[in-house]
Amino acid sequence: MKHELTGMVLGVYIAPDPQDLQSMAQEALEMQIDGVAGDRHFGVTMKSNSRTPHYTRGTLIRNSRQVSLLSVEELDEIARRLGVPAIQPEWLGANIVLAGIPELSHLPPSTRLLFPGNAALGIDGQNYPCKGPAQIIQANYPDTPGLEQAFRREAMELRGIVGWVERPGRICPGDSVRVLLPDAKPYPY
């Protein structure tokens with residue numbers, strides 16, 4: 001891998017309730033091969049869903065969505081587009097919020113993120129806007145009608161990325177992150 005960026009961890013979060021998308025700020029994340037310890041997306045496998053339509057719903061597959069990462073810069077842009085003061089990472093079920101990585105949502109699959117506490121993440125791809133966070137945003141701004149519909153449009157390509165734990169370790173706010181971009185050219189189709 002030839003191309004490298006650096007950024008910083010601003011916050012870490014866990015969504016402990018399997019029935020609730022919202023996450024809660026933590027002092028640190030203990031990353032295991034199965035994912036974020038205590039998080040609703042913890043596990044090596046998952047059941048296929050609307051994001052994996054090429055499988056019959058409920059098929060057991062590899063969990064490449066163990067971790068959700070957001071960019072503070074992209075959160076600010078979503079809030080600006082929606083005309084609201086802020087979009088909190090907890091409302092989107094974030095595990096990690098980063099700063100200083102241009103166009104985080106566009107990091108290509110197979111990008112690696114390396115943290116000083118030994119944790120390493122592999123990136124699967126973009127996390128597209130969906131109904132759950134849209135409803136939470138609308139509930140937090142009840143006097144601003146239409147946010148639920150607008151979020152899915154305005155957050156497109158700004159919703160962050162998902163990935164898996166490649167190496168266990170610890171991630172804390174204030175940590176630096178090395179972003180190793182894959183050395184690949186676009187597929188010519």
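If you read the sequence from its start, that first residue is 1, and numbering goes on from there.
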Linking I/L/V/M/F/W/Y whenever their side-chain heavy atoms sit closer than 4.5 Å, directly or via other members, would [X] and [Y] fall into one cluster?
{"X": "Ile161", "Y": "Ile96", "value": "yes"}
{"X": "Val36", "Y": "Leu70", "value": "no"}
{"X": "Ile123", "Y": "Trp164", "value": "no"}
{"X": "Leu5", "Y": "Phe115", "value": "yes"}
{"X": "Val12", "Y": "Val72", "value": "no"}

Any side-chain heavy atom of [X] sitting closer than 4.5 Å to one from [Y]?
{"X": "Leu98", "Y": "Leu10", "result": "no"}
{"X": "Val97", "Y": "Pro89", "result": "yes"}
{"X": "Arg57", "Y": "Ser50", "result": "yes"}
{"X": "Leu114", "Y": "Val179", "result": "no"}
{"X": "Leu82", "Y": "Arg80", "result": "no"}
{"X": "Leu147", "Y": "Asn140", "result": "no"}
{"X": "Leu69", "Y": "Val67", "result": "yes"}
{"X": "Thr6", "Y": "Ser176", "result": "no"}

Atom of [X], atom of [Y] and distance for their closest heavy-atom approach:
{"X": "Ala134", "Y": "Glu148", "result": "CB-O, 3.3 Å"}
{"X": "Glu73", "Y": "Ser71", "result": "OE1-OG, 2.9 Å"}
{"X": "Glu27", "Y": "Pro173", "result": "O-CD, 3.3 Å"}
{"X": "Ala37", "Y": "Ile14", "result": "O-CD1, 3.4 Å"}
{"X": "Gly35", "Y": "Phe42", "result": "C-CD1, 3.8 Å"}

(request) Check which hydrophobic residues are tied to Met156 through side-chain heavy-atom contacts below 4.5 Å, counting indirect links as well, and list them. (result) Tyr128

(message) My understanding is that a hydrophobic cluster links ILVMFWY residues whose side chain heavy atoms are under 4.5 Å apart, including indirect links. Using that, what else belongs to the cluster containing Met46?
(response) Tyr55, Ile61

My understanding is that only residues two or more places apart in sequence, or in another chain, count here; which of them pass side-chain hydrogen bond (donor to acceptor under 3.5 Å, both in side chains) with [X]?
{"X": "Arg153", "value": "none"}
{"X": "Arg62", "value": "none"}
{"X": "Arg81", "value": "Glu77"}
{"X": "Gln135", "value": "none"}

Donor-acceptor under 3.5 Å ([X] side chain, [Y] main chain):
{"X": "Asn63", "Y": "His41", "result": "yes"}
{"X": "Ser48", "Y": "Thr56", "result": "yes"}
{"X": "Thr45", "Y": "Leu60", "result": "no"}
{"X": "Gln66", "Y": "Val165", "result": "yes"}
{"X": "Glu154", "Y": "Ile78", "result": "no"}
{"X": "Asp34", "Y": "Val44", "result": "no"}
{"X": "Asp175", "Y": "Cys172", "result": "yes"}

(message) So, using ring pair (Phe, Tyr, Trp, His ring centres under 6.0 Å) as the criterion, who are the partners of Trp91 when residues are at least two apart?
(response) Tyr141

(request) Run the numbers on Leu75 and Leu158 for side chain to side chain contact (heavy atoms under 4.5 Å, CB included), then give the verdict. (result) CA-CA 7 Å; Leu75 287 172; Leu158 295 171; over 6 Å; no

(request) Go through the steps for Leu113 and Leu180 under the test side chain to side chain contact (heavy atoms under 4.5 Å, CB included), then give the verdict. (result) CA-CA 6 Å; Leu113 304 179; Leu180 305 178; over 6 Å; no

Under 3.5 Å, sequence neighbours excluded: what are the donor-acceptor pairs made by side chains of residues 101-108?
{"residue": "Ser105", "atom": "OG", "partner": "Glu74", "partner atom": "OE1", "Å": "2.6"}
{"residue": "Ser105", "atom": "OG", "partner": "Arg159", "partner atom": "N", "Å": "3.4"}
{"residue": "Ser105", "atom": "OG", "partner": "Gly160", "partner atom": "N", "Å": "2.7"}
{"residue": "His106", "atom": "NE2", "partner": "Glu157", "partner atom": "OE1", "Å": "3.4"}

Name each donor-acceptor pair under 3.5 Å that joins a side chain in residues 15-22 to protein atoms two or more places apart or in another chain, with its distance.
{"residue": "Asp17", "atom": "OD1", "partner": "Gln19", "partner atom": "N", "Å": "2.8"}
{"residue": "Asp20", "atom": "OD1", "partner": "Gln22", "partner atom": "N", "Å": "3.1"}

(message) Going by the rule side-chain contact (heavy atoms from CB on, under 4.5 Å), which residues pair with Pro168 if we only count those two or more places apart in sequence or in a different chain?
(response) Ile33

(request) Mind checking side-chain contact (heavy atoms from CB on, under 4.5 Å) for Val162 and listing every partner two or more places apart, or none if nothing turns up? (result) Arg65, Asp124, Asn127

(message) Suppose the criterion is ring pair (Phe, Tyr, Trp, His ring centres under 6.0 Å): which pairs have a residue in residues 4-30, not counting sequence neighbours?
(response) none

(request) Could you walk me through whether Arg170 and Met31 pass the side chain to side chain contact (heavy atoms under 4.5 Å, CB included) test, one step at a time? (result) CA-CA 6 Å; Arg170 186 176 174 93; Met31 311 304 282; over 6 Å; no

(request) Given side chain to side chain contact (heavy atoms under 4.5 Å, CB included), test Ile136 with Gln138 step by step and report yes or no. (result) CA-CA 5 Å; Ile136 294 167; Gln138 185 64 73; over 6 Å; no

(request) To the nearest 0.5 angstrom, please state how far the CZ atom of Arg112 sits from the CG atom of Leu181. (result) 11.5 Å

